[in-house]
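Below is one structure, written out as structure tokens; comments come after it.
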Amino acid sequence: MIKPKVLITKTIPKEVENYIAQHCDYKIRSFDGKIDKELLFNELQDTEGLLTSGTKINEELLSHAPKLKVVSNISVGYNNFDLGCMKARKVMGTNTPGVLDDTVADLVFALVLSAARRISELDAYVKKGKWRESDNENLFGVDVHHSTLGIIGMGRIGETIAKRARLGFDMEVLYYNRSMKPKIEKELGVEYSSLEDLLKKSDYIVVMTPLTKETEHIIDYKEFDLMKKSAIVINASRGKTINEEALIDALKNKRILAAGLDVYSVEPVNLDNPLLKMPNVVTIPHIGSATSKTRFDMSMLAAKNLIIALSGHTPPNLVPELK
Ligand code: DGY
């Protein structure tokens, strides 16, 4: 039997590779985060299935991939898909929802706690032998428990964050979402809010919405102006949900207290980005889902989506816009 041709552009666990090998004729080309377009387009000529993460699937790429049937993302986000072009060319697109919710929610709390309790700043004091200087009220943090958390984007991950906030930290939780979630409100005691009220009332603002045309710069200058001066902003969604210039401006002018960032408008973040020089900004390199188990589960789920699609069936995680 002729196996379908698959191109893999991300390092995947051996076990997942072995599983793909049973069903597909595959090549792994690691582009180390930098895509060499010529090489990629060349490889794509006879590719039927692409297993990737973050590669821009647009008209230019699709025009070099005449046999492509499915792009399987090893991520829950799929803002790398140009959905219109994929639909027009009948290319399926899948993602990996569900398996990363707890891991990302944990990471969001790591950012909340690090920014609030100034963990990375104080870590540097200890390591530089400045223990005594750190016992200084200018370096005191702020409480997380019994404060108000505003979640923008109440999908699965938002819900998992809300659970931690309510049950673990006795926080009040407000959420803003396209649709209201009465079941979650009842189960967790969280409250739907307008975006404006959420921004005015929250001590911690977590952006967790997917990046779409509607959510790009959902937090901009006007939104920062509505926030408390003591607000801490956390972004673990996509960098462009926040206008980064406006964030820098708000931090510089002390219109908010601090930020915790896993994502940036350009990734890898430029070394001259002012955010990297600010002690009240905790920066990590887009690692929301990066635990060994979760990355394994995401790779395996993405491989299953790919193989089901290539066998002529509708994959379970076909993204809703392409159904
Ligand atoms: C996702 O799955 O979208 C996370 O951001 C990790 O890439």
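Remember, it's 1-based here, ligands and their atoms both numbered in the order they're listed.
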Inset, instruction - Compare all side-chain heavy atoms of I219 with those of N243 and state whether any distance is below 4.5 angstrom. - result: no

Legend entry - Pairing residues for D297 by the salt bridge (charged side-chain N to carboxylate O under 4.0 Å, His left out) criterion, not counting sequence neighbours: K293

Legend entry - Sequence-distant partners of Y26, ring-ring contact (aromatic ring centres under 6.0 Å, His included), two or more places apart: none

Can I get a per-line list of side-chain donor-acceptor pairs under 3.5 Å for residues 152-162, giving both atom names and the distance, sequence neighbours left out?
from : atom 1 : to   : atom 2 : distance (Å)
T160 : OG1    : R156 : O      : 2.7

Inset, instruction - For ligand 1, would you mind listing the residues that have at least one heavy atom less than 4.0 Å away, ordered by chain and number? - result: S75, V76, G77, L100, R238, H286, S289, M298

Legend entry - Salt bridge D123-R118, side-chain N to carboxylate O under 4.0 Å: no

Inset, instruction - Answer whether the closest heavy-atom distance between the side chains of V6 and D25 falls below 4.5 Å. - result: no

